[in-house]
Amino acid sequence: MISNVQSLRMTEGTRNIEVTKSDKNKAILLALGYTEEELASIGQGEIDELLFNATEVIVTEQYIKIDVDGVETIFNKEDCLLEIEEVENDARMSLSSVLPPDGGGGTPSTSPNTAEKSYTSSDGYMKILTSMVYYSSTTNP
């Protein structure tokens with residue numbers, strides 16, 4: 001959470017850096033968990049408009065898994081990444097147990113899965129980013 005958005009100052013070491021209002025708005029959302037790609041999809045104009053008179057911004061980030069039976073599990077980022085790593089490790093172990101010791105002996109064109117090291121899970125994973133922007137009652141009706 002960042003309060004008093006209008007007074008944000010960016011520093012590098014001990015010296016202040018002159019930045020535009022758009023740079024500050026982008027920095028706020030990056031600090032709150034947005035990625036560069038997510039901000040690019042929103043667009044700078046919309047970001048600037050969103051934060052123009054904001055007094056407080058709160059962002060929550062959750063990860064959800066839906067398994068093959070439709071059961072939902074909510075994770076924090078760290079637990080979700082650990083679970084995905086376990087799924088990938090299990091897939092690697094399963095793949096290595098059915099391939100010959102030389103990894104299948106094929107070239108990427110004849111054995112693309114062994115060359116690319118891609119793994120599939122029947123579970124679905126999703127990141128949910130929720131943003132709340134508060135405005136001063138004196139600046140917005």
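Count residues from 1 along the sequence. This one's a predicted model, so the numbers in the text were calculated from it and none came from an experiment.
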I'd like to check Lys127 versus Thr35 (side-chain heavy atoms, cut-off strictly below 4.5 Å). Are they in contact? yes
How long is the gap from CG on Asp79 to CD1 on Ile84, to the nearest 0.5 Å? 11.0 Å
Would you check if Val87 and Tyr125 make a side-chain contact, meaning some heavy-atom pair closer than 4.5 Å? yes
Do the non-hydrogen side-chain atoms of Tyr134 and Ile58 ever get within less than 4.5 Å of each other? yes
Determine whether Leu50 and Ile42 satisfy the following criterion, side chain to side chain contact (heavy atoms under 4.5 Å, CB included), listing intermediate values before the conclusion. CA-CA 10 Å; Leu50 176 72; Ile42 296 171; over 6 Å; no
Does atom CD (Glu61) have a neighbourhood of more than 12 heavy atoms from anything else shown, all under 6.0 Å? yes
dist Leu129:CG -> Gln62:CD (nearest 0.5 Å) comes out at 10.0 Å
More than 12 heavy atoms of other groups within 6.0 Å of Lys77 NZ: no
Nearest-0.5 Å distance, CG of residue Leu82 to CZ of residue Phe75: 10.0 Å
With distance as the sole criterion, is a donor-acceptor pair present between the side chains of Asn25 and Ser22 under 3.5 Å? no
Donor-acceptor contact below 3.5 Å, side chain Asp67 vs main chain Asp69: yes
Under a single-linkage definition using a 4.5 Å side-chain heavy-atom cutoff for Ile, Leu, Val, Met, Phe, Trp and Tyr, are Ile74 and Val59 assigned to the same hydrophobic cluster? no
Is the shortest heavy-atom distance from the side chain of Glu36 to the side chain of Lys26 under 4.5 Å? yes
Min side-chain heavy-atom separation Thr73-Asp123 under 4.5 Å: no
Hey, is CD on Glu38 packed in by over 12 heavy atoms from elsewhere, all under 6.0 Å? yes
So CG of Asn76 and OH of Tyr63: to nearest 0.5 Å the spacing works out to 9.5 Å
So, taking the atom named CD1 in Ile28 and the one named CG in Asp23, what distance separates them when rounded to the nearest 0.5 Å? 11.0 Å
